[in-house]
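Beneath this line is the structure, given in structure tokens, with notes to follow.
Note on naming: letters A, B, ... go to the chains in the order of the sequence lines (proteins, then strands), and numbering restarts at 1 for each one. Predicted model only: the values in this text are computed from it and were never measured.
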Amino acid sequence: DTAVSQTPKYLVTQMGNDKSIKCEQNLGHDTMYWYKQDSKKFLKIMFSYNNKELIINETVPNRFSPKSPDKAHLNLHINSLELGDSAVYFCASSQRQGAGYTFGSGTRLTVV
Amino acid sequence: ILNVEQSPQSLHVQEGDSTNFTCSFPSSNFYALHWYRWETAKSPEALFVMTLNGDEKKKGRISATLNTKEGYSYLYIKGSQPEDSATYLCAFVPGNQFYFGTGTSLTVIP
């Protein structure tokens, strides 16, 4: 069983659409994260949830909204997609804040 | 914003060569330093978690050292193999948040 699974793996969509990326972890971890890999392959934190509560919310457009229905899931919803949103998005989880991460396999989002 | 730097940015070595690269981080508020190995089209995988000044960790041909007082960690690969080709990421953890470096991209030429 995959420890941190993201769906879909690839997402191609038109500008202006609304889309969601799902993330689930079966490790029993308390903390989950969303990272965006920029054009230089740098991982930038977007959001972090601990036990379903938002603890990190970096400066991202408010078109991005995370949702954590339970501590095993952290979904990312993006409204009114723009060309600049094209990137690879990684979900990760850790046992607690500051502990080592387990990453998902990434979702490559392409906005056309 | 904390500055975590890795050098060099990229590195090409011949199969069999040994190599090393550096992660530099602030020397204050240290909690942990993580190393990840990130192969193309895959997700980053944890290599080491280092917490104490002077720590040395080893996994096969890969080892790492930590100097928290001067704010650096070295990753060493002995006898590089083509399968070692990947980006090696470090993450500085001052408390609860991870600050990733930009990575060192290693290519091992057969």
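Side chains of A:Leu109 and A:Ser86 form no contact here, defined as non-hydrogen atoms less than 4.5 Å apart. Looking only at side-chain heavy atoms (C-beta outward), A:Val60 and A:Phe47 come within less than 4.5 Å of each other.
Considering every non-hydrogen atom in both B:Leu52 and B:Leu66, the closest pair reads O-CD2, 3.3 Å. Between B:Leu75 and B:Ala64, the shortest heavy-atom distance links the atoms CD1-CB, 3.9 Å.
More than 12 heavy atoms of other shown residues, nucleotides or ligands fall within 6.0 angstrom of atom NZ in A:Lys71.
Note that the CZ atom of B:Phe21 and the SG atom of B:Cys90 stand 10.5 Å from one another [nearest 0.5 Å].
Inspection of non-hydrogen atoms places no residue of residues 14-23 of chain A under 4.5 Å from chain B.
In this structure A:Asp85 satisfies the side chain to side chain donor-acceptor pair (under 3.5 Å) test together with A:Arg63, sequence neighbours excluded.
Among pairs with a residue in residues 50-90 of chain A, none fulfils disulfide bond (SG atoms under 2.5 Å apart), at least two apart in sequence or across chains.
Checking side-chain atoms of A:Asn62 against main-chain N and O of A:Ser65 turns up no donor-acceptor pair under 3.5 Å.
Within the 4.5 angstrom heavy-atom criterion, only side-chain atoms of A:Ile45, from C-beta onward, approach chain B.
There is a side-chain donor-acceptor pair under 3.5 Å between A:Asn79 and A:His77.
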Under 3.5 Å, what donor-acceptor pairs does chain A form with chain B?
{"unit_1": "A:Gln97", "atom_1": "OE1", "unit_2": "B:Asn96", "atom_2": "ND2", "d": "3.1"}
{"unit_1": "A:Gly98", "atom_1": "N", "unit_2": "B:Asn96", "atom_2": "O", "d": "3.3"}
{"unit_1": "A:Tyr101", "atom_1": "N", "unit_2": "B:Tyr36", "atom_2": "OH", "d": "2.8"}
{"unit_1": "A:Gly104", "atom_1": "O", "unit_2": "B:Ser43", "atom_2": "OG", "d": "3.3"}

